[in-house]
**Student:** 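Have a look at this one before I ask anything.
Throughout, residue positions are numbered sequentially from 1 according to the sequence presented.
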Amino acid sequence: MTGAYIECFEGVDNERLLGAWFDLGLPENEWRSYMGKIGVHENDLAVQRMKVKGIAATSACIYPFKLHGSMNLSDMEKIIDNWGLPQIVKEKSKLFFQHWGAAEAVVRDTNPSLIPFDQENSAEILCYTVGNILAWHLIGEPECYVSTINLGSGWNQYDEGWKVFPEPATVQLLLGYPTLTSGAAGGITSTAAAALIRTLAVPAPQSAFITEKVGYGAGPEYASTNILRIQLGEWCTSSQTVKSSNPQKGTIVIETNIDDMNPELAGYLIQRLLSIGAMDAYIIPIIMKKGRPGLLLRVACKTERQKEIQEEIVRQTTTIGMRHYTVSGW
């Protein structure tokens with residue numbers, strides 16, 4: 001299956017990601033048709049070719065509609081459900097906001113359902129999120145992998161006060177992902193982009209990649225770090241490679257406890273895991289710390305499917321860690 005290798009050597013934001021999908025040959029007319037259903041019309045999108053540091057890239061900027069009133073996680077999910085989008089795009093878009101809400105809840109020590117999304121930027125976040133996930137869908141839903149992510153560093157002063165970079169929610173969202181904080185001033189990886197990376201991608205394996213196509217996304221002209229690259233191709237790993245390095249074939253059980261994911265996604269998650277090779281998968285309601293209700297996900301699979309199953313669990317849930325053990329008698 002074709003994979004997408006997202007390289008974040010200058011950080012990542014949703015504008016550059018969208019530009020890179022366009023640069024890879026996104027079917028623009030179909031994409032625009034879907035976006036028109038959510039209120040993003042011809043004059044609301046600017047796509048142009050440009051050069052960034054001598055490299056030809058594509059810039060894609062959305063000028064969204066306005067949303068009125070304070071928005072929370074439930075409000076965002078209702079808006080997405082009411083849009084005429086492919087089901088996978090709706091599910092991934094809602095997962096995006098669940099990831100973001102869970103991260104902000106940890107930082108603020110509150111419940112994800114109480115996290116307010118900035119009224120000024122909520123429409124922009126919605127449009128870029130749906131736009132990127134729709135682009136991923138129309139490109140062919142490649143398995144996404146991400147490089148080490150440059151987060152930037154430092155402090156900036158805004159009207160509401162000083163802000164530290166990388167932002168706390170950005171760091172929380174990228175737990176388990178390789179990151180670095182370079183000398184670049186400011187937050188060159190946005191919180192929205194971090195949530196999108198967690199929704200679509202897992203850390204790239206340490207192996208060679210055979211590139212078939214390359215796309216570059218450009219950011220705003222005023223930004224000092226404003227280019228991102230996505231390569232489409234295949235990793236030099238296969239079931240044969242896994243088998244040769246794992247001669248003792250058997251059955252393992254993978255488990256993870258989850259307390260910050262919408263349980264309505266459980267049905268899709270189980271079907272998805274079974275479709276990619278899980279022998280069995282089910283969820284058990286549990287009580288976690290501070291009396292919070294949670295879910296125990298338990299998946300049985302052959303050892304040669306372990307890596308793929310674990311990567312899919314990272315993509316589809318809010319887990320930050322898993323355990324596994326060998327079983328017999330299957």
**Student:** Would you say Met76 and Tyr268 are hydrophobically clustered, going by side-chain heavy atoms of ILVMFWY under 4.5 Å?
**Tutor:** yes
**Student:** Closer than 3.5 angstrom, by distance alone: can the side chain of Thr211 be matched with the main-chain N or O of Gln231 as a donor-acceptor pair?
**Tutor:** no
**Student:** Considering all heavy atoms of both residues, which atom of Glu308 and which atom of Ile276 are nearest to each other, and what is their separation?
**Tutor:** OE2-CB, 3.8 Å
**Student:** How far does CD1 of Ile80 sit from CZ of Phe96, to the nearest 0.5 angstrom?
**Tutor:** 9.0 Å
**Student:** Mind checking side chain to side chain donor-acceptor pair (under 3.5 Å) for Gln98 and listing every partner two or more places apart, or none if nothing turns up?
**Tutor:** Glu77
**Student:** Using every non-hydrogen atom in the two residues, find where Ala278 and Ile309 come nearest and quote the distance to one decimal.
**Tutor:** N-CD1, 3.8 Å
**Student:** Does Leu269 reach the side chain of Glu91, with side-chain heavy atoms less than 4.5 Å apart?
**Tutor:** no
**Student:** Looking at Lys53 and Glu10, is there a salt bridge between them, counting it only when a charged N and a carboxylate O are closer than 4.0 Å?
**Tutor:** yes
**Student:** Do the non-hydrogen side-chain atoms of Asp75 and Phe97 ever get within less than 4.5 Å of each other?
**Tutor:** no
**Student:** Between Ser153 and Thr181, is any side-chain donor less than 3.5 angstrom from a side-chain acceptor?
**Tutor:** no
**Student:** Are any of the side-chain nitrogens in Arg315 or Glu143 under 4.0 Å away from the carboxylate oxygens of its partner?
**Tutor:** yes
**Student:** Quick one: does Lys37's side chain have a donor or acceptor within less than 3.5 Å of a partner on Leu85's backbone?
**Tutor:** no
**Student:** Taking only Lys NZ, Arg NE, NH1 and NH2, and the carboxylate oxygens of Asp or Glu, determine whether Asp23 and Arg49 approach each other closer than 4.0 Å.
**Tutor:** yes
**Student:** Which residues satisfy the side chain to side chain donor-acceptor pair (under 3.5 Å) test with Ser113, sequence neighbours excluded?
**Tutor:** Asn111
**Student:** With the side chain counted from C-beta on, respond yes when Glu255 and Leu297 share a heavy-atom pair under 4.5 Å apart, and no when they do not.
**Tutor:** no
**Student:** Mark yes or no for whether Ser59, through its side chain, and Gln48, through its backbone, hold a donor-acceptor pair below 3.5 Å.
**Tutor:** no
**Student:** In chain order, what residues pass the ring-ring contact (aromatic ring centres under 6.0 Å, His included) check against Tyr128, with sequence neighbours excluded?
**Tutor:** none
**Student:** Return the set of residues passing salt bridge (charged side-chain N to carboxylate O under 4.0 Å, His left out) with Glu104 (not counting sequence neighbours), or none when no residue passes.
**Tutor:** Arg108
**Student:** Using modelled atom types only, decide if a donor and an acceptor are shared between the side chain of Trp235 and the backbone of Gly3 within a distance under 3.5 Å.
**Tutor:** no
**Student:** Checking Arg229 side chain against Ala20 main chain: does a donor-acceptor pair fall under 3.5 Å?
**Tutor:** no
**Student:** Got a salt bridge between Asp13 and Arg16, using NZ or NE/NH1/NH2 to carboxylate O under 4.0 Å?
**Tutor:** yes
**Student:** Ignoring hydrogens and geometry, is there a side-chain-to-backbone donor-acceptor pair from Asp44 to His41 under 3.5 Å?
**Tutor:** yes
**Student:** Between Gln316 and Leu265, is there a side-chain heavy-atom distance shorter than 4.5 Å?
**Tutor:** no
**Student:** Say whether, by atom type as modelled, one donor and one acceptor occur between the side chain of Trp31 and the main chain of Gly131 under 3.5 angstrom.
**Tutor:** yes
**Student:** Can you sort out the partners of Asp259 under side chain to side chain donor-acceptor pair (under 3.5 Å), two or more places apart, ordered by chain and number?
**Tutor:** Arg292
**Student:** Consider only side-chain heavy atoms of I, L, V, M, F, W and Y, link residues closer than 4.5 Å, and tell whether Leu296 and Tyr282 are in one cluster.
**Tutor:** yes
**Student:** Can a donor-acceptor pair be found, under 3.5 Å and without considering hydrogens, that links the side chain of Thr189 to the backbone of Val12?
**Tutor:** yes
**Student:** Taking the side chain as everything from C-beta on, heavy atoms only, tell me whether Glu15 gets closer than 4.5 Å to Glu124.
**Tutor:** yes
**Student:** Applying side-chain contact (heavy atoms from CB on, under 4.5 Å) between Thr179 and each of Val146, Ile149, Asn150, report the one that passes.
**Tutor:** Ile149
**Student:** If we ignore hydrogens and angles and just use 3.5 Å, is the side chain of Thr170 paired with the main-chain N or O of Pro166 as donor and acceptor?
**Tutor:** no
**Student:** Counting only N and O atoms by type, is there a donor-acceptor contact under 3.5 Å from the side chain of Asn72 to the main-chain atoms of Leu114?
**Tutor:** no
**Student:** Take atom CD in Glu264; do more than 12 heavy atoms of anything else shown fall under 6.0 Å from it?
**Tutor:** no
**Student:** Rounded to the nearest 0.5 Å, what separates atom CD1 in Ile62 from atom CD1 in Ile125?
**Tutor:** 12.5 Å
**Student:** Suppose we call two aromatic rings close when their centres sit under 6.0 Å apart. Are Trp83 and Tyr34 close by that rule?
**Tutor:** no
**Student:** Restricting to side-chain contact (heavy atoms from CB on, under 4.5 Å), what partner residues turn up for Val106, sequence neighbours left out?
**Tutor:** Gln172
**Student:** Measure across Thr251 and Thr303 and return the closest heavy-atom pair with its distance rounded to 0.1 Å.
**Tutor:** N-CG2, 4.5 Å
